[in-house]
2 protein chains.
Amino acid sequence: MSSQFGNKIRTLREQQNLLLRQVASILEMDTAQLSKIERGERQAKKETVLKIAVILKVKDDELLTLWLADQIYDVVKDEKNALKAMMVAEEKVEYLKTHKQK
Amino acid sequence: MSSQFGNKIRTLREQQNLLLRQVASILEMDTAQLSKIERGERQAKKETVLKIAVILKVKDDELLTLWLADQIYDVVKDEKNALKAMMVAEEKVEYLKTHKQK
DNA sequence: ATTACATTTGCCAAATAATGTCAAGTCAAA
DNA sequence: TTTGACTTGACATTATTTGGCAAATGTAAT
């Protein structure tokens with residue numbers, strides 16, 4: 001299963017009839033690179049995600065969420081404690097969220 | 001806030017009156033290195049986690065879960081979409097879990 | 001205050017991983 | 001069979017992580 005972020009931006013791009021090379025050129029990146037990102041073979045940089053959101057006219061958050069989820073998945077895949085670990089991590093995030101210190 | 005894995009193993013080590021240098025020597029690793037791991041300044045390798053579980057006489061899974069949670073936290077910290085992304089990632093893990101293909 | 005020992009810190013070299021780039025490859029439509 | 005879109009693989013470059021050492025700090029006992 002490929003990346004959710006990649007699938008999303010590929011779908012959006014196709015819906016808007018944009019070519020890889022067109023989007024890549026706006027991003028000032030190699031076409032091959034973008035192809036790999038769309039297929040989940042490479043991770044985009046956060047900065048790139050933001051630019052893509054503008055180009056494809058979607059909200060930052062929509063793409064950022066999928067992009068982050070891919071990264072999380074990367075670290076937990078193949079780990080049998082994945083779900084438990086995610087819950088532990090969630091609790092920590094939630095805890096820090098309410099107790100606003102860094 | 002330091003790492004949950006680090007806190008855990010430091011606590012366990014102290015409860016058992018073991019010195020950093022003793023544990024480090026069993027692990028065949030630099031004392032400074034282990035000190036950094038306990039304080040969350042460095043990530044242990046999975047293999048090291050397993051060895052530590054044996055040394056400190058706790059279940060693998062207990063440590064592995066905390067260790068994984070730390071890594072997840074690392075990728076999501078400072079991201080405002082952290083919680084949403086974790087939920088998305090969880091769904092993917094759960095989905096793949098029930099539909100057993102890789 | 002001095003010693004002895006445990007831990008921490010800072011630094012840097014070595015190892016490892018991620019990225020960018022290019023050229024050649026596949027594939028489908030015209 | 002030519003063209004254009006995309007993919008693949010290889011490689012050099014760059015960035016990040018790690019391991020190891022020496023010096024620094026902390027702490028308790030003498």
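Every chain is numbered from 1, with letters handed out A, B, ... down the list of sequences. Side chains are part of it too, since the values below use all heavy atoms of this structure and drop only hydrogens, waters and symmetry mates.
- Taking every nucleotide of DNA chain C with any atom under 4.0 Å from a non-hydrogen atom of chain A, the first and last of them, 5' to 3', are dT19(C) to dC22(C).
- Between Arg39(A) and Glu41(A) a salt bridge is recorded (basic side-chain N to carboxylate O distance below 4.0 Å).
- At least one donor-acceptor pair closer than 3.5 Å links the side chain of Gln22(A) to the backbone N or O of Leu19(A).
- Side chain of Arg21(B) to backbone of Thr31(B): no donor-acceptor contact under 3.5 angstrom is found.
- If you take CZ of Arg21(A) and C1' of dC6(D), they are 11 Å apart, rounded to a whole angstrom.
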field: Under 4.0 Å protein heavy-atom contacts per nucleotide of nucleotides 10-27 of chain D, with B for base, S for backbone only and - for none
entry: B-------BBBB------
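- Checked against Phe5(B) for a side chain to side chain contact (heavy atoms under 4.5 Å, CB included), the options Leu68(B), Leu64(B), Val49(B) give a single hit: Val49(B).
- For Gln16(B) (side chain) and Leu56(B) (main-chain N/O), a donor-acceptor pair under 3.5 Å exists by modelled atom type.
- Using a distance-only test at 3.5 Å, with no hydrogens or angles considered, no donor-acceptor pair links the side chain of Ser25(B) to the main chain of Glu28(B).
- Cluster annotation: Leu83(B) is not connected to Met87(A) through the hydrophobic network of ILVMFWY side chains, with a link wherever side-chain heavy atoms come within less than 4.5 Å.
- Side chain of Asp70(A) to main chain of Ser3(A): no donor-acceptor pair is present (N/O by atom type, distance under 3.5 Å, no hydrogens or angles).
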